[in-house]
Amino acid sequence: MSEIPQDISHDQYAVRLKKLQDMRDAGSDPFRASCEQTHFSAVALQAYVEGEENTVPVKVAGRLVVIRDMGKSQFVKILDQQGQIQLYVKKDLVGEEAYVAFKRLDIGDIIGAEGTLFKTKTGEVTVRIEKYTLVSKALRPLPEKWHGLTDAEQVYRQRYLDLIVNPESRARLMLRSRIVASIRQTLAGRNFLEVETPVLEGVAGGSAARPFVTHHNALGTDFFLRIALELRLKRLLVGGYDRVFEIGRIFRNEGISRKHNPEFTMLEVYQAYSDFRGMMDLIRAIFTDLCRDVIGSFEIKHAASGEMINFAGEWRVARYFELIDAAVGFPLSALRQSADYRAKATEAAQTLGLDVHAGWETFEIVNEIFSKKIEPTLIQPTFVTHLPKELCPLAKLNLEDSGLIDVFELCIGGMEVAPAYSEQNDPFVQRQMFEQQVGDDQQKMDTDFLLALEHGMPPAGGMGVGIDRLCILLTGAESIRDVILFPSLRPNEAK
RNA sequence: GGGUCGAUAGCUCAAUGGUAGAGCAGCGUCCUUUUAAGUCGUUGGUUCCGGGUUCGAAUCCCGGUCGACCCA
């Protein structure tokens with residue numbers, strides 16, 4: 001322990017260090033190895049029986065977050081996983097020595113306490129403390145109780161402080177845990193197997209994104225961090241896992257924004273002998289369970305627009321090109337086979353005020369219209385179907401129009417939430433689509449996956465759900481950083 | 001990567017180019033049912049870092065670091 005200066009009254013760290021040293025000098029250890037807890041705060045509050053004062057015993061534990069000292073008695077509050085509970089500490093009850101020691105506790109200290117439940121004259125259920133133990137000393141002061149912690153950088157770098165002092169952050173991030181748990185439960189109830197597949201891949205396939213590269217020393221080779229789960233999970237379809245899913249972290253070496261974190265969480269689900277329509281049923285079931293069990297409502301307020309998003313009833317189904325034609329104001333899609341399709345698409349995009357880059361393929365120009373002018377307007381749940389095949393090289397082609405694919409993009413709240421496909425299982429078509437996608441760079445082609453397809457993959461529906469964006473939607477968060485416990489930041493020495 | 005904005009006490013925030021302040025927290029006092037408890041007193045600053053302009057810089061200028069927002 002470092003030297004403690006003479007006048008420490010202004011230095012909260014030094015004051016606390018001094019208290020720690022005094023306790024150690026007196027032979028008591030302020031960092032205990034265990035502490036008995038019979039009740040979480042919320043459980044204790046429910047255990048109170050109206051009119052039965054000081055009959056129900058509880059042992060609670062948590063961090064001191066409020067201290068109201070009234071001389072010979074104190075009201076304090078502790079915070080545990082479930083929230084706060086008030087404790088009443090009285091000199092008569094705990095004894096002189098313990099009371100004096102209690103007065104030396106600081107906000108932030110973690111204590112265990114036992115006593116009985118009663119209701120104060122203002123009606124708050126409170127634990128009347130008979131015994132307490134300091135189980136972990138906090139050497140640093142907490143942020144201010146009223147405003148909490150607002151400095152964005154500190155909120156992200158020291159998330160634990162945000163969780164302690166900002167109840168809305170606690171609630172939002174805990175809701176994420178419950179959302180993921182609910183999804184697992186829904187899928188388990190439908191006989192899906194949860195699996196884990198490699199993060200380190202020789203080929204980063206399944207999507208078009210720039211991967212992170214790392215190096216394995218013993219093998220003397222570079223690996224890519226996965227950018228999707230798809231190709232591994234489909235190998236499991238080949239292997240006879242008919243219903244399989246993974247909730248896993250994927251990594252994309254691209255920009256950081258309110259909607260993008262370099263690592264994020266994806267749910268991918270595959271169901272053999274189903275197709276993209278089956279995935280519509282599945283995603284409806286996932287949302288129904290989420291609304292019922294986690295959110296407690298089938299309506300959620302869309303944070304950006306204030307509009308109520310309704311998850312009950314039928315969800316809108318709309319064809320991609322119907323939406324495009326409506327947005328541009330003329331039947332652009334009728335020209336898809338004609339020579340001036342590109343020119344008309346460019347003109348339409350520019351009329352809508354969009355920049356068209358010279359190097360873009362025509363489907364990219366049209367998709368710019370979709371992502372900038374249509375997707376943001378799809379607030380209510382909408383299945384967008386019949387997308388152009390260039391957008392998803394892993395989907396089955398539509399039987400009536402081979403330029404389209406059997407897929408949907410589920411858009412909610414102006415965001416793409418879940419794409420789903422009837423999965424491509426023809427190894428020849430798949431190879432062709434890969435070749436178009438990778439161009440000359442054959443290194444990027446997952447030939448081992450094509451080999452797996454040649455062994456036969458059952459027809460299947462597959463779906464991906466961006467868990468972070470789903471959480472943004474369901475929690476009303478403004479940024480992906482608000483639903484990720486520790487978002488990616490530039491490394492920085494602690495201040 | 002580009003543009004705009006920001007960084008002041010542990011936290012939340014003030015401060016015409018002229019002695020850096022407040023609230024909470026801390027320290028000391030009073031108070032045995034408080035609810036942002038109350039009461040009296042009181043300590044605390046490398047104004048993000050490095051240059052420059054100026055008699056004088058938290059404030060103006062340049063560079064950097066970190067962050068936020070928008071764009072790519």
Side-chain angles (χ1 to χ4, degrees), chain A residues 4-19 53-54 64-79 83-96 98-100 102-109 115-129 138-162 164-167 210 253-261 304 353-360 364 368 371-372 478-482 487-495:
Chain A
I4 296 170
Q6 292 258 304
D7 176 21
I8 60 171
S9 66
H10 64 276
D11 183 342
Q12 303 191 47
Y13 182 60
V15 166
R16 289 170 185 233
L17 276 180
K18 176 73 165 58
K19 288 178 179 175
E53 302 297 302
N54 302 317
L64 270 173
V65 288
V66 174
I67 297 177
R68 298 193 191 103
D69 182 355
M70 289 178 301
K72 295 184 182 61
S73 75
Q74 306 192 29
F75 283 97
V76 303
K77 284 188 176 174
I78 60 169
L79 175 69
Q84 295 186 3
I85 188 167
Q86 182 167 258
L87 313 181
Y88 182 52
V89 185
K90 208 158 64 143
K91 189 175 175 180
D92 308 354
L93 217 61
V94 297
E96 172 86 29
Y99 191 76
V100 170
F102 196 88
K103 288 193 111 164
R104 296 206 76 200
L105 296 181
D106 292 302
I107 287 177
D109 289 352
T116 51
L117 295 171
F118 76 105
K119 207 174 221 177
T120 65
K121 68 179 184 188
T122 51
E124 179 164 354
V125 175
T126 300
V127 188
R128 187 165 154 277
I129 296 305
L139 297 174
R140 303 282 183 181
L142 286 178
E144 195 221 13
K145 60 187 171 187
W146 187 240
H147 299 92
L149 186 65
T150 63
D151 178 59
E153 187 173 355
Q154 223 175 334
V155 164
Y156 300 139
R157 288 196 197 277
Q158 293 182 277
R159 179 68 89 181
Y160 46 90
L161 293 179
D162 177 48
I164 293 167
V165 300
N166 293 333
R210 191 181 343 156
N253 202 344
E254 293 169 356
I256 296 182
S257 77
R258 281 198 316 164
K259 288 184 180 173
H260 300 87
N261 198 61
L354 299 170
D355 288 333
V356 175
H357 293 238
W360 279 356
E364 290 177 295
E368 179 75 358
S371 56
K372 291 286 164 61
E478 289 175 2
S479 163
I480 196 168
R481 283 180 286 256
D482 295 332
S488 300
L489 294 178
R490 192 178 290 273
N492 188 21
E493 290 296 309
K495 288 176 187 172

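In the text below, chain A, chain B and the rest are named by the order of the sequence lines, each starting its count at 1. These numbers come from the heavy atoms of this one structure, side chains and all, not from hydrogens, waters or symmetry mates.
- The nucleotide rC27(B) finds its pairing partner in rG41(B), both defining distances of the Watson-Crick or G-U wobble pair being shorter than 3.5 Å.
- Distances were taken from every side-chain heavy atom of Y88(A) (C-beta onward) to each of rU33(B), rA68(B), rC27(B); the shortest belongs to rU33(B).
- In the set rU34(B), rA72(B), rA68(B), rA68(B) carries the atom at the smallest distance from any side-chain atom of R481(A).
- Between K72(A) and the phosphate of rU32(B), there is a side-chain N or O to OP1/OP2 separation shorter than 4.0 Å.
- OP1 or OP2 of rC27(B) has not a single side-chain nitrogen or oxygen of Q12(A) nearer than 4.0 Å.
- Residue contacts for V165(A): at a heavy-atom cut-off of 4.0 Å it reaches no nucleic acid atom on any strand shown.
- Between E124(A) and Q154(A), the residue anchored nearer the 5' end of RNA chain B, judged by the nucleotide with its closest heavy atom, is Q154(A).
- Between the NZ atom in K19(A) and the CG atom in D106(A) there is a gap of 3.5 Å [rounded to 0.5 Å].
- One donor-acceptor pair, N or O on each side, does fall under 3.5 Å between the base of rU34(B) and the side chain of Q86(A).
- The backbone N or O of S488(A) lies less than 3.5 Å from a partner atom in the side chain of N261(A), making a donor-acceptor pair.
- Taking atom CD1 of residue I107(A) and atom C1' of nucleotide rA36(B), one finds them 11 Å apart after rounding to whole Å.
- The interatomic distance linking I67(A) (CD1) with rC27(B) (P) rounds to 9 Å, in whole Å.
- Across the P atoms, rA25(B) and rG67(B) are found 32 Å apart, a figure rounded to whole Å.
- Residue G255(A) is classed as having no contact, given no heavy-atom separation below 4.0 Å to the nucleic acid.
- Nucleotide rG17(B) forms no Watson-Crick or G-U wobble pair with any nucleotide shown, as no partner meets the under 3.5 Å limit on both distances.
- Using atom P as the reference point in both rA14(B) and rC60(B), the two lie 15 Å apart (nearest Å).
- rG28(B) sits 15 Å from rG44(B) when the C1' atoms are compared, rounded to a whole Å.
- Between E368(A) and W360(A) there is a side-chain heavy-atom pair separated by less than 4.5 Å.
- At least one donor-acceptor pair closer than 3.5 Å links the side chain of E144(A) to the backbone N or O of H147(A).
- Here R140(A) contributes atom CZ and R16(A) contributes atom CZ; the two are 10.0 Å apart, rounded to the nearest 0.5 Å.
- Phosphate contact (OP1/OP2 of rC13(B), side-chain N/O of T150(A), threshold under 4.0 Å): present.
- The side chain of K121(A) approaches rU33(B) more closely than any other nucleotide in the set rA25(B), rU33(B), rA68(B).
- Nucleotide rU54(B) forms no Watson-Crick or G-U wobble pair with any nucleotide shown, as no partner meets the under 3.5 Å limit on both distances.
- With hydrogens and angles ignored, no donor-acceptor pair closer than 3.5 Å exists between the side chain of E144(A) and the base of rA25(B).
- The base of rU43(B) is not paired with the side chain of D11(A) by any donor and acceptor separated by under 3.5 Å.
- Under the Watson-Crick or G-U wobble criterion, with both distances below 3.5 Å, rA22(B) is paired with rU12(B).
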*Could you please spell out the steps behind the side-chain hydrogen bond (donor to acceptor under 3.5 Å, both in side chains) verdict for Q158(A) and Y160(A)?*
CA-CA 5 Å; Q158(A) 293 182 277; Y160(A) 46 90; 2.8 Å; yes

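- The V15(A) side chain lies nearest to rG26(B) when the options are rG26(B), rU12(B), rG67(B).
- Annotation: rU42(B) and rC24(B) have their P atoms spaced 14 Å apart (nearest Å).
- Counting non-hydrogen atoms under 4.0 angstrom, R140(A) reaches nothing in the nucleic acid.
- Using a 4.0 Å heavy-atom distance criterion, F118(A) is classed as a base contact.
- Across all strands shown, the partner of rU4(B) is rA68(B), judged by Watson-Crick or G-U wobble contacts whose two distances both fall under 3.5 Å.
- Considering only side-chain atoms of S9(A), the nucleotide from rU43(B), rA72(B), rA37(B) that sits closest is rU43(B).
- Going from atom CH2 of W146(A) over to atom C1' of rA37(B) covers 13 Å, rounded to whole Å.
- Listed for the K145(A) side chain is no donor-acceptor partner under 3.5 Å among the backbone atoms of V66(A).
- R16(A) comes within 4.0 angstrom of nothing in the nucleic acid, heavy atoms only.
- A salt bridge is absent between E53(A) and K119(A): the closest approach of a Lys/Arg side-chain nitrogen to an acidic carboxylate oxygen does not fall below 4.0 angstrom.
- Taking every side-chain heavy atom of D92(A) into account, rU32(B) is the closest of rC69(B), rU32(B), rG10(B).
- One C1' atom belongs to rA20(B), the other to rU4(B), and the distance between them is 28 Å to the nearest Å.
- We find that NZ of K77(A) is positioned 8 Å from P of rA36(B), with the value rounded to whole Å.
- Residue T120(A) is in base contact, counting any heavy-atom pair closer than 4.0 Å across all strands shown.
- Residue R157(A) contributes atom CZ, which lies 17 Å from atom P of rA7(B) at whole-angstrom precision.
- Of the candidates rC69(B), rG67(B), rA72(B), the closest approach to any side-chain atom of S479(A) belongs to rC69(B).
- A donor-acceptor contact shorter than 3.5 Å links the side chain of Y99(A) to the backbone of S73(A).
- At a threshold of 4.5 Å between non-hydrogen side-chain atoms, the residues T150(A) and V155(A) do not count as touching.
- Nucleotides rU39(B) and rC48(B), compared at atom P, are 33 Å apart to the nearest Å.
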Nucleotide N/O to protein N/O under 3.5 Å, stretch nucleotides 1-6 of chain B:
none

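- In this structure, Q86(A) CD and F118(A) CZ are separated by 7.0 Å, a value rounded to the nearest 0.5 Å.
- Across the protein-nucleic acid pair, L149(A) atom CG and rG67(B) atom C1' stand 13 Å apart, rounded to whole Å.
- Across the protein-nucleic acid pair, M70(A) atom CE and rU29(B) atom P stand 18 Å apart, rounded to whole Å.
- Within 4.0 Å (heavy atoms only), K119(A) reaches no atom of the nucleic acid at all.
- Look at R68(A) and you won't find any side-chain N or O under 4.0 angstrom from OP1 or OP2 of rU32(B).
- Atom CG of D162(A) and atom C1' of rU12(B) are 15 Å apart (whole Å).
- F102(A) contributes atom CZ, which lies 14.5 Å from atom NZ of K90(A) (distance to the nearest 0.5 angstrom).
- Nearest to the side chain of K145(A), among rC27(B), rC24(B), rC66(B), sits rC24(B).
- rG50(B) and rC66(B) have their C1' atoms separated by 15 Å, with the value rounded to a whole Å.
- Nucleotides rG52(B) and rG17(B), compared at atom C1', are 15 Å apart to the nearest Å.
- Nearer the 5' end of RNA chain B, as judged by each residue's closest nucleotide, is the contact made by L142(A), out of L142(A) and K103(A).
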